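All remarks here apply to the structure that follows.
Everything numeric here is computed off the predicted structure, so don't read it as measured data.
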Amino acid sequence: MDGPGTGGLDGPEALASWYDAHARPLHHYLARRAGTQVADDLVADVFLVAWERRASFDPGRAGPRAWLYGIATNLLLRHRRTEETRLRAWARDGARRSTQDEVAHRATESVDADVRVRRMAEAISGLRAEERDVLLLVAWAGLTTAEISEALGVREQTVRTRLHRARTKLRTKEALDG
């Protein structure tokens with residue numbers, strides 16, 4: 001089924017198979033990064049780009065999952081300002097508020113959680129874009145450092161360094177705020 005220069009993505013059936021296997025987790029990851037409506041468009045764009053660039057896919061270098069997440073991450077760069085604005089708003093306004101009729105201890109837990117979410121969102125929005133990408137690819141997409149390395153086109157040691165720096169900054173921020 002693989003044609004020359006197509007890297008295993010040579011027909012509509014192969015694209016449909018990749019879509020079936022990867023669209024849902026990609027959408028989940030993108031929705032957490034940019035919101036559901038943006039994720040709807042980005043998932044479609046990921047597979048459009050994958051189809052258009054199928055000749056560049058090298059299964060010996062990276063698997064479809066890492067390649068597709070790389071495309072997704074690059075498409076997210078176009079939405080960086082929206083993401084940063086959204087995280088700042090989240091940090092300012094907090095996560096979903098509990099309803100008034102919740103039990104007192106649930107309300108207290110919710111307020112504490114809101115504070116933690118705001119602080120974490122603020123800390124994440126303060127990370128360098130490269131650190132945020134690596135952190136969220138690990139936390140929200142479940143990619144390994146090797147997969148992130150392939151997805152972003154950087155050395156695995158660079159991924160580990162960025163992840164370490166992001167985690168250190170978040171821990172430092174938590175310690176200062178806590």
Side-chain angles (χ1 to χ4, degrees), residues 1-88 90 120-121 123-171:
M1 182 173 211
D2 295 347
T6 60
L9 186 60
D10 65 342
E13 298 83 15
L15 183 65
S17 175
W18 280 25
Y19 184 87
D20 290 343
H22 302 288
R24 184 173 292 196
L26 271 170
H27 187 275
H28 183 71
Y29 168 72
L30 292 168
R32 291 186 81 177
R33 292 285 308 263
T36 303
Q37 289 179 334
V38 172
D40 293 343
D41 292 337
L42 287 178
V43 168
D45 289 345
V46 165
F47 286 95
L48 178 63
V49 169
W51 181 254
E52 290 171 348
R53 297 185 184 162
R54 65 189 178 276
S56 70
F57 175 67
D58 179 3
R61 183 168 174 249
R65 181 176 184 231
W67 191 59
L68 292 170
Y69 275 97
I71 293 169
T73 299
N74 287 331
L75 290 173
L76 273 171
L77 292 175
R78 295 180 189 164
H79 296 280
R80 182 73 62 206
R81 286 185 182 167
T82 302
E83 176 185 40
E84 289 172 0
T85 301
R86 187 168 163 261
L87 285 170
R88 280 191 208 104
W90 195 18
M120 187 58 67
I124 291 170
S125 71
L127 294 174
R128 289 184 21 234
E130 299 85 8
E131 295 166 345
R132 186 171 43 249
D133 285 341
V134 169
L135 179 72
L136 296 179
L137 282 167
V138 167
W140 288 354
L143 267 61
T144 66
T145 55
E147 290 172 320
I148 296 168
S149 170
E150 292 299 328
L152 300 181
V154 297
R155 293 179 339 172
E156 190 171 355
Q157 183 56 43
T158 301
V159 172
R160 285 191 199 110
T161 300
R162 289 176 182 174
L163 183 59
H164 174 75
R165 287 181 180 159
R167 287 175 171 164
T168 299
K169 287 177 182 178
L170 293 178
R171 275 190 224 107

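- Remark: Asp40 pairs with His27, Thr36 by the side chain to side chain contact (heavy atoms under 4.5 Å, CB included) rule, at least two apart or across chains.
- Contact of the Tyr19 side chain with the Val43 side chain is registered, since non-hydrogen atoms from C-beta on lie closer than 4.5 Å.
- A distance of 10.0 Å separates OG1 of Thr158 from CG of Leu152, quoted to the nearest 0.5 Å.
- Tyr29 has its side chain within reach of Thr73: a pair of non-hydrogen atoms, C-beta onward, lies under 4.5 Å apart.
- A donor-acceptor distance shorter than 3.5 angstrom exists from the side chain of Thr168 to the backbone of His164, with no hydrogens or angles considered.
- Pairs of residues two or more places apart, or lying in two chains, that qualify as salt bridge (charged side-chain N to carboxylate O under 4.0 Å, His left out) and include a residue from residues 152-166 are Glu156-Arg160.
- Contact record, Asp133 with Leu77: OD2-CD2, 4.3 Å, taken as the closest heavy-atom pair.
- Rounding to the nearest 0.5 Å gives a distance of 9.5 Å between CG of Leu15 and CG of Leu48.
- Panel note: side chain Arg54, backbone Trp51; a donor-acceptor pair is recorded below 3.5 Å.
- Between Leu143 and Val138, every side-chain heavy-atom pair lies at or beyond the 4.5 Å cut-off.
- The list of salt bridge (charged side-chain N to carboxylate O under 4.0 Å, His left out) pairs with a residue in residues 41-53, not counting sequence neighbours, is empty.
- Considering only heavy atoms from C-beta on, Phe47 stays 4.5 Å or farther from Ile71 through its side chain.
- Other residues, nucleotides and ligands contribute over 12 non-hydrogen atoms within 6.0 Å of the CD atom of Gln157.
- Within the model, atoms NE2 of His22 and CZ of Arg65 stand 8.5 Å from one another, a figure rounded to the nearest 0.5 Å.
- The two atoms that bring Ala72 and Leu30 nearest to each other are CB-CD2, 4.0 Å, heavy atoms only.
- Put simply, the side chain of Ile148 does not reach to within 4.5 Å of the side chain of Leu163, judged on heavy atoms.
- Taking CG from Leu68 and CH2 from Trp18, the interatomic distance works out to 5.5 Å, rounded to the nearest 0.5 Å.
- Put simply, the side chain of Leu127 reaches to within 4.5 Å of the side chain of Lys169, judged on heavy atoms.
- Taking the six-membered ring where tryptophan is involved, the planes of Phe57 and Trp67 are tilted, since the angle between them lies from 30° to 60°.
- Distance alone, capped at 3.5 Å, is enough to place a donor-acceptor pair between the Arg132 side chain and the Ile124 backbone.
- Across Ala31 and Ala39, no two heavy atoms sit closer than the pair N-CB, 3.4 Å.
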Subject >> Stepwise side chain to side chain contact (heavy atoms under 4.5 Å, CB included) check, Val49 with Asn74 >> reply: CA-CA 11 Å; Val49 169; Asn74 287 331; over 6 Å; no

